[in-house]
Visitor: 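Got a structure here, written out as structure tokens. Questions coming.
Below, chains carry the letters A, B, ... as their sequence lines are ordered, and counting in each starts from 1.
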2 protein chains.
Amino acid sequence: MNNWTTRTPLSEAQEDYLKQILLLGSGGNETGRLEDTLAVSTQSLAEQMQVRPASVTGMLKKLAELGLVVHEAYRGVRLTEAGYKVALEVLRHHRLIECYLHQALGYGWEEVHAEAEKLEHHISEAFEARIAEWLGHPSHDPHGDAIPSATLELPQSNPSCRLSGLERGAFGLVVRVATQDQDALNLLAHLGLRPGASVQLLEHLREGSRIQVGQERYLLPTALAQVLWIEEGGPRG
Amino acid sequence: MNNWTTRTPLSEAQEDYLKQILLLGSGGNETGRLEDTLAVSTQSLAEQMQVRPASVTGMLKKLAELGLVVHEAYRGVRLTEAGYKVALEVLRHHRLIECYLHQALGYGWEEVHAEAEKLEHHISEAFEARIAEWLGHPSHDPHGDAIPSATLELPQSNPSCRLSGLERGAFGLVVRVATQDQDALNLLAHLGLRPGASVQLLEHLREGSRIQVGQERYLLPTALAQVLWIEEGGPRG
DNA sequence: GATTATTTTTAGGTATAACTAAATCTTTGT
DNA sequence: ACAAAGATTTAGTTATACCTAAAAATAATC
Ligand SMILES: [Mn+2]
Ligand SMILES: [Mn+2]
Ligand SMILES: [Mn+2]
Ligand SMILES: [Mn+2]
């Protein structure tokens with residue numbers, strides 16, 4: 001356990017591990033407080049990182065030595081304060097870049113993830129500051145995920161529920177699309193189910209949820225209905 | 001020597017070596033033709049890459065195996081057609097990114113190099129295409145270096161000479177600032193000696209060249225006078 | 001509480017890209 | 001022509017980040 005104030009730059013792999021530990025520990029709902037975070041299993045990290053569990057163990061050892069995580073063997077891993085800071089910093093890069101690609105360069109909101117995943121590790125703080133400025137310091141990315149501020153606080157989000165949990169007849173606004181699966185994103189984009197879109201829930205069926213978006217009615221498979229987070233609101237928002 | 005049409009992605013280090021072999025082999029004056037390129041020594045590569053000669057030899061072996069260079073032991077290295085293509089692609093990324101940072105994000109022209117040096121390896125072809133489009137397909141970067149086109153041709157440049165080679169009393173336009181040295185760039189930027197600036201050569205002295213830029217007169221050390229490339233032209237251009 | 005299944009760790013191995021030290025080749029000066 | 005100097009390569013080492021296979025620990029089931 002190493003507590004230098006000045007640390008050697010982390011590798012792309014190390015940064016991605018820290019970010020994944022944060023995301024998995026938050027269950028897709030970051031609160032901005034390390035205490036609200038759960039221990040993360042080696043297995044789940046291995047799945048997310050597309051890597052063998054043995055490789056995860058190796059990396060966790062390294063990160064623990066650097067003082068960025070606490071790893072209790074067989075019980076999972078948590079971020080330290082230092083590791084949490086790094087993870088938020090990477091998350092800020094990722095989400096700002098997504099915004100920028102969408103708003104400044106005309107990428108579709110469903111296309112931005114892959115490019116951001118790489119660039120997040122390679123931009124300078126100056127670059128971060130300039131695009132944040134250009135964007136007007138946005139609070140959410142194109143998928144509706146909150147962007148940590150320059151001081152690494154997360155903005156409060158309004159209460160929302162999954163589309164699959166909406167009552168029959170209810171109206172609402174899509175506020176978050178919580179998947180990185182490219183096929184799912186493409187399909188949702190095609191249906192106009194982007195953050196900001198308004199939907200009505202017609203009924204829940206065994207195969208999924210029937211919904212109305214604009215003039216169109218769709219049957220949305222449950223898997224997809226669970227990644228859409230909705231803020232309830234009157235008809236046509 | 002491996003000649004697949006589909007190749008495994010190259011590492012950042014490999015791309016930087018190929019780019020450096022092109023730059024050193026062109027003596028700072030790329031013509032766009034591989035034949036105009038000279039063999040490059042292990043030593044000069046080691047200096048540019050900030051690495052020991054032994055490390056260069058190792059990398060050249062690898063690149064030769066991949067069919068990207070031809071390495072004659074003890075006599076230097078040249079790019080193959082395939083390696084030349086890769087080098088031009090990296091150069092295009094580098095110079096487009098420099099333009100973009102300068103024009104879209106407000107970086108000073110003297111600040112863009114370091115950021116471009118990293119990002120050049122991590123942007124997609126889609127990103128390249130979008131910024132090229134946004135910029136209106138520029139032919140030169142903020143230092144006055146020619147940008148390879150999307151099809152990897154280099155635009156013709158007008159004839160020019162070093163400031164140190166200008167005749168007494170001659171007027172001219174700065175068209176290229178051929179250094180990556182950060183201190184030199186900062187100084188030249190401070191003096192307004194950027195591409196596009198017009199200068200008059202007053203006289204050559206032992207210590208350097210006396211010049212006039214706008215209302216100001218400076219004594220420019222020879223080292224700096226040699227990195228400024230000038231297109232001759234009438235007073236005030 | 002013992003047995004089985006799952007998860008996790010250990011041990012050993014690959015590839016990349018650096019390094020140092022020593023050997024070898026080329027150039028240069030006399 | 002030949003020795004010294006300089007450049008380059010070889011050999012052997014290190015560090016990162018991944019892998020597989022086998023051992024060990026934990027959790028689930030009877
Ligand atoms: Mn990433
Ligand atoms: Mn996102
Ligand atoms: Mn580079
Ligand atoms: Mn440049």
Side-chain angles (χ1 to χ4, degrees), chain A residues 2 4 7-21 24-25 38-78 83 86-87 90 117-118 120-122, chain B residues 1-2 4 7-21 24-25 38-79 83 86-87 90 117-118 120-122:
Chain A
N2 230 325
W4 318 117
R7 50 169 80 294
T8 175
L10 300 172
S11 70
E12 180 163 344
Q14 291 172 329
E15 290 185 351
D16 275 336
Y17 272 94
L18 293 172
K19 188 180 66 169
Q20 266 334 308
I21 295 168
L24 290 170
L38 301 169
V40 172
S41 72
T42 300
Q43 178 99 61
S44 60
L45 269 171
E47 275 162 27
Q48 276 306 299
M49 304 289 301
Q50 304 261 64
V51 134
R52 300 290 122 151
S55 308
V56 173
T57 302
M59 180 58 91
L60 294 183
K61 264 190 171 158
K62 185 82 223 247
L63 292 173
E65 257 169 45
L66 293 170
L68 297 169
V69 304
V70 176
H71 183 209
E72 267 192 89
Y74 294 97
R75 331 233 72 173
V77 70
R78 324 181 76 103
V86 174
V90 177
E117 193 61 46
K118 285 198 77 176
E120 63 189 356
H121 312 287
H122 302 291
Chain B
M1 179 138 31
N2 231 324
W4 304 331
R7 45 171 33 70
T8 177
L10 299 172
S11 69
E12 179 163 347
Q14 290 171 331
E15 291 185 350
D16 275 335
Y17 273 93
L18 292 172
K19 188 181 66 170
Q20 262 341 300
I21 294 168
L24 289 171
L38 301 170
V40 173
S41 71
T42 299
Q43 179 102 89
S44 60
L45 270 171
E47 275 162 26
Q48 277 306 299
M49 305 289 301
Q50 305 260 66
V51 131
R52 300 288 127 176
S55 308
V56 172
T57 302
M59 180 59 90
L60 294 183
K61 267 192 169 159
K62 185 82 222 252
L63 292 173
E65 257 169 45
L66 293 171
L68 298 168
V69 305
V70 175
H71 183 210
E72 266 193 89
Y74 295 98
R75 333 231 69 166
V77 70
R78 325 182 75 105
L79 295 169
V86 174
V90 177
E117 193 60 47
K118 286 200 75 179
E120 63 189 357
H121 312 287
H122 302 291

Visitor: Taking atom P of D/dA7 as reference, at what distance in whole Å does atom CZ of B/Arg52 sit?
Guide: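 From B/Arg52 CZ to D/dA7 P: 13 Å.
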Visitor: Taking OH from B/Tyr74 and C1' from D/dG6, how many angstroms apart are they, rounded to a whole number?
Guide: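 To the nearest whole Å, that distance equals 12 Å.
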Visitor: Restricting to non-hydrogen atoms, name the atom on B/Arg52 and the atom on B/Ala46 that form the minimum distance, rounded to 0.1 Å.
Guide: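 Closest heavy-atom pair between B/Arg52 and B/Ala46: C-CB, 4.0 Å.
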Visitor: Check whether any side-chain heavy atom of B/Val40 sits under 4.5 Å from a side-chain heavy atom of B/Gln20, and report yes or no.
Guide: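 No. Closest side-chain heavy atoms not under 4.5 Å.
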Visitor: For residues A/Glu120 and A/Lys19, determine if any side-chain heavy atom of one lies less than 4.5 Å from a side-chain heavy atom of the other.
Guide: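 Yes, their side chains come closer than 4.5 Å.
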Visitor: Which listed nucleotide (D/dC19, D/dA17, D/dT9) is nearest to the side chain of A/Met59?
Guide: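 Among the listed nucleotides, the one closest to the side chain of A/Met59 is D/dA17.
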Visitor: Just wondering, do A/Glu72 and A/Arg78 contact through their side chains at under 4.5 Å, heavy atoms?
Guide: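 Heavy-atom side-chain distance check fails, nothing below 4.5 Å.
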Visitor: Nearest-nucleotide wise, let me know which of B/His71 and A/Gln50 is further upstream toward the 5' end of DNA chain D.
Guide: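 Nearest-nucleotide comparison on DNA chain D picks B/His71.
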Visitor: Need one value for B/Ala13: base, sugar-phosphate or nothing, where a base atom within 4.0 Å counts as base even if backbone is also close, heavy atoms only.
Guide: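 Contact class for B/Ala13: sugar-phosphate only.
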Visitor: Counting the atoms with a prime plus P, OP1 and OP2 as sugar-phosphate, which does A/Val56 contact under 4.0 Å by heavy atoms, base, sugar-phosphate, or nothing?
Guide: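 Nothing: the residue A/Val56, judged by heavy atoms under 4.0 Å, touches no strand.
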Visitor: Does the side chain of A/Leu18 reach to within under 4.5 Å of the side chain of A/Leu68, using non-hydrogen atoms?
Guide: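 In short, these two side chains touch, coming nearer than 4.5 Å.
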Visitor: Are OP1 or OP2 of D/dT10 and a side-chain N or O of B/Thr57 less than 4.0 angstrom apart?
Guide: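 Answer is no, no contact under 4.0 Å.
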Visitor: Tell me which residues in residues 39-48 of chain B lie within less than 4.0 Å of DNA chain D, going by non-hydrogen atoms.
Guide: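 Those residues are B/Ser41, B/Thr42, B/Gln43.
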Visitor: What heavy-atom pair brings B/Leu60 and B/Val69 nearest, and what distance separates the two atoms?
Guide: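 Closest approach of B/Leu60 to B/Val69: O-CG2, 3.9 Å.
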Visitor: Would you classify B/Ala73 as touching base, sugar-phosphate or nothing, given that sugar-phosphate means primed atoms plus P, OP1 and OP2, and contacts are heavy atoms under 4.0 Å?
Guide: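 Answer is sugar-phosphate: B/Ala73 comes under 4.0 Å of backbone atoms only.
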Visitor: Write down the distance between CG (A/Leu60) and P (D/dC18), rounded to a whole number of angstrom.
Guide: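 Distance check: A/Leu60 CG to D/dC18 P gives 11 Å.
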Visitor: On DNA chain D, does the nearest nucleotide to B/Arg75 precede the nearest nucleotide to A/Tyr17 from the 5' side, or the other way round? Give the residue.
Guide: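 Per heavy-atom nearest nucleotide, the more 5' residue is B/Arg75.
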Visitor: Quick check for you: name the first and last nucleotides of DNA chain C, 5' to 3', having an atom under 4.0 Å from a heavy atom of chain A.
Guide: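 Answer, 5' to 3': C/dT7 to C/dT10.
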Visitor: Where is the tightest heavy-atom contact between B/Leu79 and B/Ala87, given as atom of each residue plus distance?
Guide: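 Looking at all heavy atoms of both residues, the shortest contact is CD1-CB, 4.2 Å.
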Visitor: Tell me whether the OP1 or OP2 atom of D/dC18 has a side-chain N or O from A/Ser55 closer than 4.0 Å.
Guide: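 False: A/Ser55 side-chain N/O out of range (4.0 Å or more) of D/dC18 OP1/OP2.
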Visitor: Do A/Leu63 and A/Val77 come close enough that some side-chain heavy atom pair is under 4.5 Å?
Guide: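 A side-chain contact under 4.5 Å is absent here.
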Visitor: Looking across every strand, which nucleic acid part, if any, lies under 4.0 Å from B/Glu12 by heavy atom: base, sugar-phosphate, or nothing?
Guide: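 Counting heavy atoms under 4.0 Å across all strands, no contact is made by B/Glu12.
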Visitor: State, with a plain yes or no, whether a side-chain heavy atom of B/Gln14 is found less than 4.5 Å away from one of B/Leu66.
Guide: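 Yes - at least one pair of side-chain heavy atoms lies under 4.5 Å apart.
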